Protein chains: 2
Amino acid sequence: MESFEDDAKIFKALCDPKRLAILAQLREGEKCACVLQEPMDLTQSGLSYHMRILCESGIVESRQKGKWTHYRLSEEGGRVTVERLLAILTPDARKGKRLSCCCRK
Amino acid sequence: MESFEDDAKIFKALCDPKRLAILAQLREGEKCACVLQEPMDLTQSGLSYHMRILCESGIVESRQKGKWTHYRLSEEGGRVTVERLLAILTPDARKGKRLSCCCRK
DNA sequence: GTCTCATATCAAAAATATTTGATGTATTCA
DNA sequence: TGAATACATCAAATATTTTTGATATGAGAC
């Protein structure tokens, strides 16, 4: 079972507008860091910081080729992310659910 | 079209372990604030802060009943959240995609 | 009406995340 | 080999989020 911290880390990757803008670029296909940085309001080290968060969440994968780093959406990472989201948001069907009663006292 | 900020706000609700723990409680069904707070390491105002973020994201709905506030997962909010996640993570199938070439210079 | 309870809101403090600029490390190219 | 390029990493500055404690609001009980 995933911990709340592990799940939080996945969704942390998605909660920043700049990272979402980066992901939007990656939907078009694999891109290297310099191409990703070009249209964005980010320094080189700023981009590197965000790419690390995206990669550590599992949502993005990277590949070295010579002096370039190429980034792409991870199929597996996306699958896990959707799976975790559904697990978090799907009501529990178990019997004997506690009611919303506040009159315990 | 959703803005990156709007989407970020949705996922911001999911990127904190305490909020994920609250959502886990709500999977069991509707609960009032005092019931939610009981098992958590949160002050009353701390819970209220997190509930606001969850409600503003659309993922949770609230209902007043006398002096109690009852919270529950929003079916519509969940649907929108999954939809946005898929939109963000699904590769773009458009023709003419830019390649990952770094050799522009 | 007054009292208590459940919750929201506010401002200050504390914690965490992001940005920035400098520096380090490979790698390519001359 | 030495210079330039692409990127990562680090520490300090800045910005944002979360926590805390005090106070406000509104409902029900008395």
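Computed from a predicted model, the values in this text were never measured in an experiment.
Using a 4.0 Å heavy-atom distance criterion, A:Ile53 is classed as a sugar-phosphate-only contact.
For B:Gln44, the side chain to side chain contact (heavy atoms under 4.5 Å, CB included) partners two or more places apart in sequence, or in a different chain, are B:Gln37, B:Ser48. Under the side-chain hydrogen bond (donor to acceptor under 3.5 Å, both in side chains) criterion, B:Glu83 pairs with B:Arg79, sequence neighbours left out. Take B:Glu61 and apply the side-chain hydrogen bond (donor to acceptor under 3.5 Å, both in side chains) test, not counting sequence neighbours, and it matches B:Arg72, B:Ser74. Residues passing the side chain to side chain contact (heavy atoms under 4.5 Å, CB included) test with B:Arg52 are B:Glu56, sequence neighbours excluded. Remark: B:Glu5 engages no residue in a salt bridge (Lys or Arg N to Asp or Glu O under 4.0 Å) (not counting sequence neighbours). Annotation: side-chain hydrogen bond (donor to acceptor under 3.5 Å, both in side chains) contacts of A:Asp7 (sequence neighbours excluded): A:Arg84.
For the pair A:His70 NE2 and D:dC7 C1', the computed distance is 12 Å after rounding to whole Å. Taking atom CD of residue B:Glu38 and atom C1' of nucleotide C:dT7, one finds them 16 Å apart after rounding to whole Å. Rounded to whole Å, the distance from CZ on A:Phe11 to P on D:dT17 is 19 Å. B:Gln64 has its CD atom 19 Å from the P atom of C:dC5, to the nearest Å. As a whole-Å value, the separation of B:Met51 CE from D:dT19 P is 14 Å. Counting to the nearest Å, the P atom of D:dT18 and the CE atom of B:Met40 are 13 Å from each other. If you take CG of B:Leu54 and C1' of D:dT18, they are 14 Å apart, rounded to a whole angstrom.
At a threshold of 4.5 Å between side-chain heavy atoms, the hydrophobic network of Ile, Leu, Val, Met, Phe, Trp and Tyr places A:Val80 and A:Leu54 in one connected group.
In this structure, the nucleotide among C:dT18, C:dA8, D:dT18 sitting nearest to the side chain of B:Asp16 is D:dT18. For B:Arg52, the side-chain atoms get nearest to C:dT9 when compared with the rest of D:dT9, C:dT9, D:dT19.
With the end axes of the helix from C:dG1-D:dC30 to C:dA30-D:dT1 each set by five pairs, the angle from one to the other reads 20° at 10° resolution.
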Is there any protein nitrogen or oxygen under 3.5 Å from a nitrogen or oxygen in nucleotides 20-29 of chain D, and what are the pairs?
unit_1: D:dG21; atom_1: O6; unit_2: B:Ser45; atom_2: OG; d: 2.9

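The shortest distance between the side-chain N/O atoms of A:Tyr71 and the OP1/OP2 oxygens of D:dA6 is not below 4.0 Å. For C:dT19, one of the phosphate oxygens OP1 or OP2 lies less than 4.0 angstrom from a side-chain nitrogen or oxygen of A:His50.
Evaluation of the side-chain hydrogen bond (donor to acceptor under 3.5 Å, both in side chains) test over residues 10-21 of chain B, restricted to residues two or more places apart or in two chains, returns B:Arg19-B:His50.
Checked by atom type and distance alone, the side chain of A:Arg27 pairs as donor or acceptor with a backbone atom of B:Thr90 at under 3.5 Å.
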